Visitor: 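One structure, as structure tokens, below. Some questions next.
Here the structure is a predicted model, which means the values were calculated and not measured. Note: hydrogens, waters and symmetry copies are ignored here, and every other heavy atom, side chains too, is used. As the structure lists them, so they are numbered: ligands from 1, and atoms in each ligand from 1.
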Amino acid sequence: MIIDAYLTPYFNDNEKQFENSIIIMIDVLRSSSTICAALFNGAKEIIPTDTLDKAVSIYSSLSKENRFLGGERNGLKPSGFNAGNSPEEYSADVISGKSVIISTTNGTKIFSKARQAKARLVGSFVNNGAILGHLFKQYLNDSDKSEEDNTRIIFICAGSNGRLAYEDTLCAGAFINSIVNLRPDVRLTDSADVAKNLFKLHSTDLKEFLKNREHASLLKEIGLENDIETCFTFDLYPVIPHISGGSIKIFDEKELQ
Ligand code: MLT
């Protein structure tokens, strides 16, 4: 088993490279965390789109009682949308049973990548334990420790406008560190090793460290400090969001049979 990490989202998109892979997509601030919140609070599905226009068009095609439109540009709710990109806006009373269409600046663009992968999941600090439990159950169980196992678990980070973002890298690093602790036989690529080592370096003051990085500082400036606290809290929304076709739903074991 090989563990890899793409610390920025712009890579050679030769989709064949993902054929034997399990992908975990990460955008801690805030798409991954908000998607986990919405699914945890009973959304039927999340439909991510790259543009606001597409989001509005999908929203318009659905029946009134079953739809919810969310997203963000420059951190703020786009005009006419039901919600911005704060996890707390996706509470059960407003999204339960609904299709949530969401478009954000960086995060929702990564969810359409790596379509050839065996499985694609959404990860964040808020569902760290749920994702790890799933990976160990499905792909990292003791039975397969052969040297020839070339299956890859790949963490793809949304980053920020094509650049690396600390919170995504450290989130990938937290996953990788836990995997290595329980399965020291896995092989790490250089970038997976960097993510793991950076996480270890900051693991004792993780929240404090991340609160003062670029993206969190921007959110603070526009009054969204609560979101930072929420998105950096481990296991707040213990769900396994599974990307299938154009939508993200809570993982259903039957889909992998
Ligand atoms: C993004 O997709 O760039 C984000 O989730 C930005 C944000 O809402 O803070």
Visitor: Say whether T108 and S31, considering side chains only, have a donor N or O and an acceptor N or O under 3.5 Å apart.
Guide: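 T108 vs S31: no donor-acceptor pair found between side chains.
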Visitor: At a 4.0 Å threshold, what atoms of ligand 1 neighbour a non-hydrogen atom of N85?
Guide: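 Within the 4.0 Å cut-off of N85, ligand 1 contributes 4 (C), 5 (O), 7 (C), 8 (O).
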Visitor: Using the six-membered ring of Y6, assess whether NZ or CZ of K113 lies under 6.0 Å from its centre and within 45 degrees of the ring axis.
Guide: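 That pair does not qualify as a cation-pi contact.
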Visitor: List ligand 1 atoms under 4.0 Å from L219, heavy atoms only on the residue side.
Guide: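 Counting atoms of ligand 1 from 1, those under 4.0 Å from L219 are 9 (O).
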Visitor: Could you tell me the residue and atom name of the protein heavy atom closest to atom 4 (C) of ligand 1, and the distance to it rounded to 0.1 Å?
Guide: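 Heavy-atom neighbour on the protein nearest atom 4 (C) of ligand 1: L29 O, 3.4 Å.
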Visitor: Determine whether the aromatic ring centres of Y237 and Y90 lie less than 6.0 Å apart.
Guide: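 For Y237 and Y90, the ring centres are not under 6.0 Å apart.
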Visitor: Show me which atoms of ligand 1 lie under 4.0 Å from any heavy atom of S31.
Guide: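 Going through ligand 1 atom by atom, the ones under 4.0 Å from S31 are 2 (O), 5 (O).
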Visitor: Please identify which of these residues, D4, D193, N150, meets the side-chain hydrogen bond (donor to acceptor under 3.5 Å, both in side chains) condition with R187.
Guide: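 When D4, D193, N150 are each tested with R187, the side-chain hydrogen bond (donor to acceptor under 3.5 Å, both in side chains) holds only for N150.
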Visitor: So which protein heavy atom does atom 1 (C) of ligand 1 come closest to, and at what separation?
Guide: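 Checked against all protein heavy atoms, atom 1 (C) of ligand 1 sits closest to N106 N, 3.3 Å.
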Visitor: Out of R30, K77, H215, K109, who is nearest to atom 5 (O) of ligand 1 when you count heavy atoms only?
Guide: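 Going through R30, K77, H215, K109 one by one, R30 has the nearest heavy atom to atom 5 (O) of ligand 1.
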Visitor: Under 4.0 Å, heavy atoms only, figure out whether ligand 1 is touched by the backbone of D227, its side chain, both or neither.
Guide: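 The answer is neither.
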Visitor: Going by atom types only, do D93 and S91 share a side-chain donor-acceptor pair under 3.5 Å?
Guide: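 Yes.
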Visitor: Taking atom types as modelled and ignoring hydrogens, do the side chains of R163 and N106 form a donor-acceptor contact shorter than 3.5 angstrom?
Guide: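 There is no such pair between these side chains.
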